[in-house]
Asks: 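Sharing a structure with you now.
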There are 2 protein chains.
Amino acid sequence: MGRNIVGDRVAGNRHDRSSDEHEESATGGLPAAAPGAPAGGTGTGTDVPASHPPDGRSGADPGPGVGTAEARPGGRAPGHDRRRAALDGGGRRRASRAGRGARARTIRNARRAVTLDDVARLAGVSLATASRVLGPGSARRVGSELRERVERAARQLGYTPNLVARSLAHGASDLVGLLVPGLSDPQFAALADGVLRAAERDGLAVLVGAGRRDPERELAHLATLRAQRARAIVLAGIETADAHGAARLRAELERYHATGGRAVRVGRAAPAGEADDLPADLVVPDDREAAARLAQALAALGHRRFAVLAGPSEHAEARERVAGFIAGLAGAGLPAPRILHASGDREGGRAAAERLLAAGADATCLVAVSAALAAGALAALRDRGVPVPEAMSVAAFGDGPVPPEVSSLTVVRPPLERMGERALDLALRPAGAAEPYRRRVVAVPGEVVIRESVRRIG
Amino acid sequence: MGRNIVGDRVAGNRHDRSSDEHEESATGGLPAAAPGAPAGGTGTGTDVPASHPPDGRSGADPGPGVGTAEARPGGRAPGHDRRRAALDGGGRRRASRAGRGARARTIRNARRAVTLDDVARLAGVSLATASRVLGPGSARRVGSELRERVERAARQLGYTPNLVARSLAHGASDLVGLLVPGLSDPQFAALADGVLRAAERDGLAVLVGAGRRDPERELAHLATLRAQRARAIVLAGIETADAHGAARLRAELERYHATGGRAVRVGRAAPAGEADDLPADLVVPDDREAAARLAQALAALGHRRFAVLAGPSEHAEARERVAGFIAGLAGAGLPAPRILHASGDREGGRAAAERLLAAGADATCLVAVSAALAAGALAALRDRGVPVPEAMSVAAFGDGPVPPEVSSLTVVRPPLERMGERALDLALRPAGAAEPYRRRVVAVPGEVVIRESVRRIG
DNA sequence: TTGAAAGCGCTAACAG
DNA sequence: CTGTTAGCGCTTTCAA
């Protein structure tokens, strides 16, 4: 089709990729790079490739006139004293750099970045002093006189520390890693958002990898994070089904751990008995506490008599929720609810709700331990002509995507963001020198979200 | 409340943070680190702090018995030849390292990572050769004999390249940056997912920052990305309202550009006239093409007569969509649709739909240029007793979160993932040496999602 | 091919 | 408080 996209200005549209997209170039607002001579040794006229030090450093400060900076369009700020090096003999540094840097620069058409060395020289101080002023752990003992000179110089040159160099020298990066199946699932996106938030608080940058539920890819990402020397890694949604995969994952995490890294997994604890011995801490939802809070919240709205759709009695998660709910009621001085077991699916919810109605329920509020059960119960109530919330309030645990038809359902929402935050916090908090390694587990209660399906009583 | 979360096992629960979460430690499956003597010079008995080279390197390979590796629980693989250094006098390297590394290691209780140097020595080759084998751009000329020795040594030691060092030496990192308001908005999460996908294809890692709609924070993240030497940056949802903020953003991006970085913005083009002169390429949705495709799709379903709820006639975006739709119909040999203008909100949609019905519509399909208009139209149809899709099909452009009541609406979905992918691709593709800087623009058509609100005709 | 050596930009001893 | 110096681990000339 090949139309261009900016009004009706015509441009040569060359199709690209899937011939699906249109592309256009337009002269932008950015000033051109200096069109004159390239900054480095190439093309200086003197053809002395090896011995000539095109990138040598002068010992003296560059004198006045250098570094108006801040944003010098097309200028050649720190470049010019480089040329003086040949004149004053290379000063205090061994003068013998190959022109590689300069040449590469010319190719990529990008100015060489301002280094700490540039700043130090302009300020007339040693590299160490400049580092003390500009480096991490800001407030290190440097005389205010020099400190200011350094700061001015840095500002003037538009200095930005090279964090890569910093990391290498310091021996630890400011990076943390996050491995999730992907970000298109809002659940993992929410979790990621929490990790981002926690990282920002600590001044760390987050490397995100998408495992796409592919063990190979997950392992590769983990290896990359390790290679990047990420300080901590948060994993979520990584479920190795087969034993082989689990072993490989375990090995990878052990390697990571061995080099001082700390990994934290987010998710439900593995079913008892399963080999869940990964060297990673764990952040899990605290169903029990969340259930207790739900009970409290409902009690606060005036409800006194409850029925609980508990699903199958052998379901551990469900049991936790029921127990927590009962405890919460007890805490509010209320009697235990009526418990109805059934299959864990929608039909189970329907059946249980019908049983409840048939039995002549005196409950004012129905609590389902899962969204599926709640959906079934809602259907039963509708069929029986019991209006929600007028005649019956309904609440549920909202794990998994909540079906649209119950978007007004009061739920306990899984605390994704908080789990993400806590996971990173946990990973970053030193584990103490206690040997042997002890896995730490943090449980985060879900959030009670009261919506229209629950009414206030009294 | 302080219960513990694993069954009924009791543990010392210390409250943490908001007293909201429970924590527990449990002895895990990870073997303890070697409990014996620390790996470094500390505690060797000889008390010669400075001149003694605790970390000196032996020139010989460590001999048999070293490096069973791959996953050696509790062992001290590369550590042991370090101790031999004092005996054989430090070999060919200048022997004068301070014991810093070793000491820090002891503190952090982590083995020093295996370096390329370790591998080279074990393989009995030079650092350069090892680098040539294990470094990037794999297939460099190295004799198969040595190559294999190096590879074996690497495997044996469990070598993982230090990407930080690599980046510093190479002068370019394998990182790209992504700046979004946050990931809790599924739109940006989807976009981020696209960026992740594209990055993975290119073997790059993605640093994600959340600007939280705060210019200060956005700038800070951008600076960090620049400092990390990210090769490319993708920005989305960064809208600087005031001129000052815009100028700062511009300055920041120019700096980034000056050091060779390439930024790409994702989103609608700025309204004409606005100072949208950021030195960043642009990826935008191609409404026109998407609208044409919608027309095609609907025509393919048998629809022949359409009505378009076009919103206010001065809305540029809406105009594009209408124009594209008309063009699409024309392409299918169909006549122009009936165009109905109204206000751009829900009420406008309702009013327009009512006008259409009142006029005795012969259209079989209603297309709204926004979800809000569609919602209004659906309401009107419902009120008038016109069943959708039986008596009238409805489709819309799905920008913004689609209201739940229209979750079965046929829409043109904004191509978030693809825009993310394309953005990174664009940033990574060299811009060519063309001076002056030309902003490139890529338009990506949205995806047509046919749902129940449209029926097949004939 | 291979090895020796010079850095990448920064931090952190160590010595004044 | 300030400067000197030795690296961090790797890539890449340059010379053999």
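Heavy-atom basis, side chains included; hydrogens, waters and symmetry copies ignored. Order of the sequence lines sets the chain letters (A, B, ...), proteins ahead of strands, with each chain counted from 1. These numbers come from a predicted model, not from an experiment.
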Asks: So does A/Glu216 pair up with A/Arg248, basic N to acidic O under 4.0 Å?
Replies: yes
Asks: According to side-chain contact (heavy atoms from CB on, under 4.5 Å), who are the partners of B/Ala153, at least two apart in sequence or on a separate chain?
Replies: B/Val119, B/Leu122, B/Ala123
Asks: Take atom CG of A/Asp117 and atom P of D/dT5, then tell me their distance rounded to the nearest Å.
Replies: 14 Å
Asks: Among residues at least two apart in sequence or on other chains, which ones pass side-chain contact (heavy atoms from CB on, under 4.5 Å) with B/Arg152?
Replies: B/Glu148, B/Arg149, B/Gln156
Asks: Among C/dA5, C/dA12, C/dG9, which is the nearest nucleotide to the side chain of A/Ala169?
Replies: C/dG9
Asks: Would one find a side-chain N or O of B/His170 under 4.0 angstrom from OP1 or OP2 of C/dC8?
Replies: no
Asks: Using a cut-off of 4.0 Å on non-hydrogen atoms, how would the nucleic acid contact of A/Leu146 be classed: base, sugar-phosphate, or nothing?
Replies: sugar-phosphate
Asks: A/Arg231 and A/Asp202: salt bridge (charged side-chain N to carboxylate O under 4.0 Å, His left out), yes or no, with the steps?
Replies: CA-CA 12 Å; A/Arg231 279 203 208 169; A/Asp202 291 1; over 6 Å; no
Asks: To the nearest Å, how far apart are A/Gln228 CD and D/dG9 P?
Replies: 15 Å
Asks: More 5' along DNA chain C: A/Val164 or B/Gly143, using each one's nearest nucleotide?
Replies: B/Gly143
Asks: Would you indicate, yes or no, if C/dG3 has its OP1 or OP2 atom less than 4.0 angstrom from a side-chain nitrogen or oxygen of B/Ser126?
Replies: yes
Asks: Have a look at A/Leu175 and tell me which of B/Leu163, B/Val164, B/Leu207 forms a side-chain contact (heavy atoms from CB on, under 4.5 Å) with it.
Replies: B/Leu207
Asks: Can you find a donor-acceptor pair, distance only, under 3.5 Å between A/Arg132 side chain and D/dG3 base?
Replies: yes
Asks: What is the distance, rounded to the nearest whole Å, between atom CG of A/Leu168 and atom P of C/dC8?
Replies: 13 Å
Asks: Under 4.0 Å between a side-chain N or O of B/Ser131 and OP1 or OP2 of D/dC10?
Replies: no
Asks: Restricting to pairs with a member in residues 159-171 of chain A, which pass salt bridge (Lys or Arg N to Asp or Glu O under 4.0 Å), not counting sequence neighbours?
Replies: none
Asks: From the set C/dC10, D/dG3, D/dT12, return the single nucleotide nearest to any side-chain atom of A/Val125.
Replies: D/dG3
Asks: Taking atom C1' of C/dC10 as reference, at what distance in whole Å does atom CZ of A/Arg166 sit?
Replies: 8 Å
Asks: Give the rounded distance in Å between these two atoms: CZ of B/Arg141 and P of D/dT11.
Replies: 14 Å
Asks: Rounded to the nearest angstrom, tell me the gap between atom CG in A/Leu134 and atom C1' in C/dC10.
Replies: 11 Å
Asks: Does A/Ala130 have any side-chain contact (heavy atoms from CB on, under 4.5 Å) partners at least two apart in sequence or in another chain, and if so, which?
Replies: A/Leu116, A/Ala120, A/Val125, A/Val150
Asks: Look at the side-chain N and O atoms of A/Thr129 and state whether any lies under 4.0 Å from the OP1 or OP2 oxygen of D/dG3.
Replies: yes
Asks: Just how large is the angle between the end axes of the helix from C/dT1-D/dA16 to C/dG16-D/dC1, five pairs per end, to 10 degrees?
Replies: 40°
Asks: In whole Å, I'd like the distance from the CG atom of A/Leu127 to the C1' atom of C/dA12.
Replies: 11 Å
Asks: Sequence neighbours excluded, which residues qualify as salt bridge (charged side-chain N to carboxylate O under 4.0 Å, His left out) partners of B/Arg226?
Replies: B/Glu252
Asks: For B/Ala165 and for B/Val142, locate the closest nucleotide of DNA chain C by heavy-atom distance; then report the residue assigned to the nucleotide nearer the 5' terminus.
Replies: B/Val142
Asks: Atom CZ of A/Arg229 and atom C1' of D/dC10: how far apart are they, to the nearest Å?
Replies: 11 Å
